[in-house]
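Every chain is numbered from 1, with letters handed out A, B, ... down the list of sequences.
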There are 2 protein chains.
Amino acid sequence: MKYSSSKENYLKAIFHLQEEDGVVTTNALANELQTRPASVTDMLKKLKTQKLLLYEKYQGFKLSNEGKKVALQIVRKHRLWEFFLVEKLHFGWEEVHDMAEELEHISSKKLIDRLDEFLGFPKNDPHGDPIPDSSGKLAMKQHISLLDIPLNTLAEVSNISDQSIEMLELLKHKSIAIGTKLEVKRKFAFDNSLELKIKNQSAITISESVAKNVFVII
Amino acid sequence: MKYSSSKENYLKAIFHLQEEDGVVTTNALANELQTRPASVTDMLKKLKTQKLLLYEKYQGFKLSNEGKKVALQIVRKHRLWEFFLVEKLHFGWEEVHDMAEELEHISSKKLIDRLDEFLGFPKNDPHGDPIPDSSGKLAMKQHISLLDIPLNTLAEVSNISDQSIEMLELLKHKSIAIGTKLEVKRKFAFDNSLELKIKNQSAITISESVAKNVFVII
DNA sequence: ATATTTTTTTAGATTTGTCTAAATTTATTT
DNA sequence: AAATAAATTTAGACAAATCTAAAAAAATAT
Ligand SMILES: [Mn+2]
Ligand SMILES: [Mn+2]
Ligand SMILES: [Mn+2]
Ligand SMILES: [Mn+2]
């Protein structure tokens, strides 16, 4: 199946947003795509009709398995072309995004698989993001436990492994959520508790048993 | 100025048709683009409004200087991408046209100039057609049809004027490609077919209609 | 529990590119 | 010079993707 560039951009944007937040909202997507909420609603209906999206009105939405599959192929193309532009055409990593935004819509799968081979099957794009393989498999991002990161290093919360009510309640109270950026300021040897700092907030303390369930990317 | 893929396809097709016939007709263009004459007329009006086309209704039309400039940049992109696909990604010369048809609409001029450099500033695409330089200048070609060369004279294939899949497939089977060196050994008056000899290969026969589309330099 | 604000959806319009069917103009035959 | 045929254009429609303004639903505050 071939989809328009516009549809592909929607699918990719939803893919990225749901990576972070699970379910996506109309306003968030409109903001991501620099368009109007009304336009987003229009497109959501079309994507649902094509079974690329799970969507009930007013309830938020996320990609179907098929939608995710399409999105991953676009992510693959985007990142391989970025790699090509930096590695072979010597562009700076900050220049390549807009060009890749166009190149990702070139349809031939054979072309992109040959390009992958030509580039030596790179694992990551110039921004460090992992490149899905030909079948669409995406290597998991490197999630590290809060216990294992160095002091005074900015980290972003990416995953919570214990998702019990009690854990989430505690994290909510401490203002820790997926996407929160923080640094570990101190580790106390007595009980392995940690003192954390979130920008513009006062320091907070969490126990070892909490910290070992909070994963971050550095 | 940026133009839609559709407009760019029209400009390029008009460019190619007027190379051959000077002035272009509605039906010829509709045929070239596999669309309807009414659709062509619609687009002609838009191209005229944008001063890309010289057009008076019922009188035929041709590109303005600005239109020619745009068309040459698309031809440049098309041929450079074809060269890339054959030379770097090892596609056959008969496979690359459709991919180049998409790639030629990637807009960045900087990208295409870097690609040109990466490829070593090639003079001709895989089908022997000349590649316009960065400023849009196109080298003229001085090719002679196989029909018109003397017997037993070494000639090098430089261009194929009919680039249909069917023609390229036939030539591939006969081991004839751009750069192939051959001699015409016999001409048969009955059907104007030719017997050719490529060094180290047994003699091959081609029809008049094939021969008239194969151009060589002596 | 109401009132207010925010989010989301609908209604209706617009632009681009395409189409079919019909009308018009130009070219070719008788 | 008509008549006929061919080429071209116009009229009116449609699908895709977008927009603005208004309505409806959900979330938040009082
Ligand atoms: Mn894109
Ligand atoms: Mn990237
Ligand atoms: Mn094209
Ligand atoms: Mn070519």
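Nucleic acid contact class of Thr26(A) (heavy atoms, under 4.0 Å, all strands): sugar-phosphate only. The residue Ser6(B) sits close only to the backbone: its heavy atoms come under 4.0 Å of sugar-phosphate atoms, none of a base. Using a 4.0 Å heavy-atom criterion, one finds that Ser39(A) contacts the bases of the nucleic acid, with or without backbone contacts as well. Note on Phe61(B): nothing from the nucleic acid sits closer than 4.0 angstrom, heavy atoms only. Across all strands shown, Tyr3(A) has no heavy atoms under 4.0 Å from either base or sugar-phosphate atoms.
When rounded to the nearest whole Å, the span between CG of Asn31(A) and C1' of dT7(C) equals 14 Å. We find that CG of Leu44(B) is positioned 14 Å from C1' of dT10(D), with the value rounded to whole Å. Atom C1' of nucleotide dT8(D) and atom NZ of Lys48(B) are separated by 15 Å, given to the nearest angstrom. Remark: P of dA15(D) and CG of Asp42(B) are 17 Å apart, rounded to the nearest angstrom. We find that CD of Gln59(B) is positioned 7 Å from P of dT26(C), with the value rounded to whole Å. Atom OH of Tyr58(A) and atom P of dT9(C) are 6 Å apart (whole Å). Rounded to a whole Å, the NZ atom of Lys57(B) is 9 Å from the P atom of dA11(D). Computed from coordinates, the Met43(A) CE to dT10(C) C1' distance equals 17 Å when rounded to whole Å.
Distances shorter than 4.0 Å separate some side-chain N or O of Lys45(B) from OP1 or OP2 on dT10(D). Put simply, Thr35(A) has a side-chain N or O that comes within less than 4.0 Å of OP1 or OP2 on dC19(D). Residue Arg36(B) places no side-chain N or O under 4.0 Å from the OP1 or OP2 atom of dT18(C). For dT8(D), neither phosphate oxygen OP1 nor OP2 lies less than 4.0 angstrom from any side-chain nitrogen or oxygen of Tyr55(B). Look at Asn27(B) and you'll find a side-chain N or O under 4.0 angstrom from OP1 or OP2 of dT8(D).
Listed nucleotides: dT10(D), dT20(C), dT9(C). Nearest to the side chain of Thr41(B): dT10(D).
Taking the six-membered ring wherever Trp is involved, the centroid distance between the rings of Phe83(B) and Phe118(B) does not fall below 6.0 Å.
At a cut-off of 3.5 Å, with distance as the only test, no side-chain donor of Ser6(B) or Ser4(B) sits close to an acceptor on the other residue. Asn152(A) and Lys185(A) are linked by a side-chain donor-acceptor pair at a separation below 3.5 angstrom, with hydrogens and angles left out of the test. A donor atom on one side chain and an acceptor atom on the other are not found under 3.5 Å apart for Asn27(B) and Thr25(B).
A salt bridge (Lys or Arg N to Asp or Glu O under 4.0 Å) with Arg76(B) is found for one member of Asp113(B), Asp125(B), Asp133(B) and no other, namely Asp113(B).
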